[in-house]
Structure formats: structure tokens, C-alpha cells
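Since the model is a prediction, treat every value here as computed from it, not as a measurement.
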Amino acid sequence: QVQLVESGGGFMQPGGSLRLSCAASGSIGSINAMGWYRQAPGKQRELVARITSDGTTTYADSVKGRFTISRDNAKNTAYLQMNSLKPEDTAVYYCNAGIRVHYTDYVGRYWGQGTQVTVSS
């Protein structure tokens, strides 16, 4: 079994910062790309940021220059540093990762349970 667990969400005023963490655990052989998605009420889930196993990053235009994705391969953990938060960043944030299950050739796409981020004055 493989699990992704997010943490670090919460309430923040506009202009503030939050840091999200996503820890993968279980029978992990290797982790490919990891990403953060978000879904606001009434909207589709969208990609926020993605990082490959070699550290190449991509960002949604709406967060470029404000958010930074990183990962610690030794800890099987990805992070999303969110600065200069805006009310439109309010959403449930989900972690996603492509993980090869240990001792197998199976590579699955796994999701965390989500963490709420609310930005409001």
C-alpha cells in the first residue's frame, strides 16, 4: 500500500504565506513526478505546480513567482511554499505522485486526501 498525506493548510490573510507538505509512505520503490493540484468550489481541479524526479519544475501561470515546489527525495516528501497569497488561491490542495510499488513493475498515480487553504481578510 502507498499513501500520500498532506499537511500545512489553514487560514491566512492576503499577502501571507503557507507551506504545504506531502509525505509518501508505504511500499515505495521509486517516486517519479510529484505535483500539487487545487480545486476551488464549483471549479475543476487544476495543476498548480509539478516537479520531476530530477528537480525540473513547472507552474501554473497564476502562481508563477509566488509559489515554489520542492522535494526531499530522502524523505519521500514534496513541499509547496506559497507566498503573497491571494483570495483566489482559496481551494482544497491535493498532492499527486507517480510511484512505482516496491518489488514490482507497477507504477500508479496516487492522490492525497487534500488540505484546505483559505485566504481571506
Side-chain angles (χ1 to χ4, degrees):
Q1 285 281 27
V2 173
Q3 265 192 318
L4 296 179
V5 178
E6 300 105 335
S7 61
F11 180 90
M12 181 54 64
Q13 292 184 334
S17 297
L18 285 173
R19 188 192 195 208
L20 306 183
S21 298
C22 169
S25 63
S27 189
I28 297 170
S30 61
I31 302 177
N32 300 330
M34 301 183 78
W36 288 95
Y37 290 72
R38 68 186 180 187
Q39 187 166 19
K43 295 188 176 181
Q44 288 190 329
R45 190 173 297 189
E46 63 174 357
L47 175 67
V48 176
R50 181 177 181 268
I51 184 167
T52 63
S53 57
D54 65 358
T56 301
T57 58
T58 56
Y59 296 92
D61 287 343
S62 58
V63 307
K64 281 181 182 176
R66 301 188 297 121
F67 291 11
T68 302
I69 188 172
S70 61
R71 63 191 284 173
D72 184 334
N73 292 329
K75 295 182 179 179
N76 291 334
T77 300
Y79 306 94
L80 185 68
Q81 178 67 43
M82 306 185 293
N83 298 329
S84 302
L85 283 163
K86 302 177 180 180
E88 50 263 43
D89 294 319
T90 295
V92 178
Y93 284 70
Y94 297 91
C95 178
N96 171 266
I99 298 175
R100 182 178 64 79
V101 177
H102 212 15
Y103 303 121
T104 76
D105 292 327
Y106 175 73
V107 179
R109 193 178 184 195
Y110 295 89
W111 291 90
Q113 81 286 354
T115 185
Q116 176 70 44
V117 171
T118 302
V119 184
S120 176
S121 54

Checklist line | Electrostatic pair Lys64:Asp61 at N-O distance under 4.0 angstrom | finding: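 Salt bridge present between Lys64 and Asp61.
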Does any non-hydrogen side-chain atom of [Y] lie less than 4.5 Å from one of [X]?
| X | Y | value |
| --- | --- | --- |
| Ser21 | Lys75 | no |
| Asn96 | Arg109 | yes |
| Tyr79 | Thr68 | no |
| Asn76 | Ile99 | no |
| Asp89 | Met82 | no |

Shared ILVMFWY cluster between [X] and [Y], side chains joined below 4.5 angstrom?
| X | Y | answer |
| --- | --- | --- |
| Tyr59 | Tyr93 | yes |
| Tyr37 | Leu18 | no |
| Val101 | Leu4 | yes |
| Tyr106 | Ile28 | yes |

If you look at every heavy atom in [X] and [Y], which pair is closest and at what distance?
| X | Y | result |
| --- | --- | --- |
| Ile31 | Ala97 | CG2-CB, 4.2 Å |
| Ala78 | Trp36 | O-CZ2, 4.0 Å |
| Phe67 | Val48 | CD2-CG1, 3.7 Å |
| Val5 | Gln113 | CA-OE1, 3.8 Å |
| Ala91 | Gln116 | O-NE2, 3.4 Å |
| Asp105 | Arg100 | C-CG, 4.5 Å |

From [atom1] ([X]) to [atom2] ([Y]), nearest 0.5 Å:
| X | Y | atom1 | atom2 | answer |
| --- | --- | --- | --- | --- |
| Leu85 | Met12 | CG | CE | 7.0 Å |
| Gln81 | Ile69 | CD | CD1 | 12.0 Å |
| Cys22 | Arg71 | SG | CZ | 10.0 Å |
| Met34 | Leu80 | CE | CG | 11.5 Å |
| Arg45 | Tyr94 | CZ | OH | 4.5 Å |
| Ile51 | Thr56 | CD1 | OG1 | 8.0 Å |

Check: Do the side chain of Gln13 and the main chain of Ser121 share a donor and acceptor less than 3.5 angstrom apart?
Finding: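 Checking the backbone N and O of Ser121 against the side chain of Gln13, no donor-acceptor pair under 3.5 Å is found.
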Item checked: More than 12 heavy atoms of other groups within 6.0 Å of Glu46 CD ->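 More than 12 within 6.0 Å, yes.
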Item checked: Exceeds 12 heavy-atom contacts within 6.0 angstrom, atom CD of Gln44 ->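 Not more than 12 within 6.0 Å, no.
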Checklist line | Modelled atom types, side-chain donor and acceptor of Ser17 and Asn83, under 3.5 Å | finding: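 Short answer, yes.
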Check: So among Leu47, Val63, Thr90, Thr115, which one has a side chain to side chain contact (heavy atoms under 4.5 Å, CB included) with Arg38?
Finding: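 For Arg38, the side chain to side chain contact (heavy atoms under 4.5 Å, CB included) check succeeds only for Val63.
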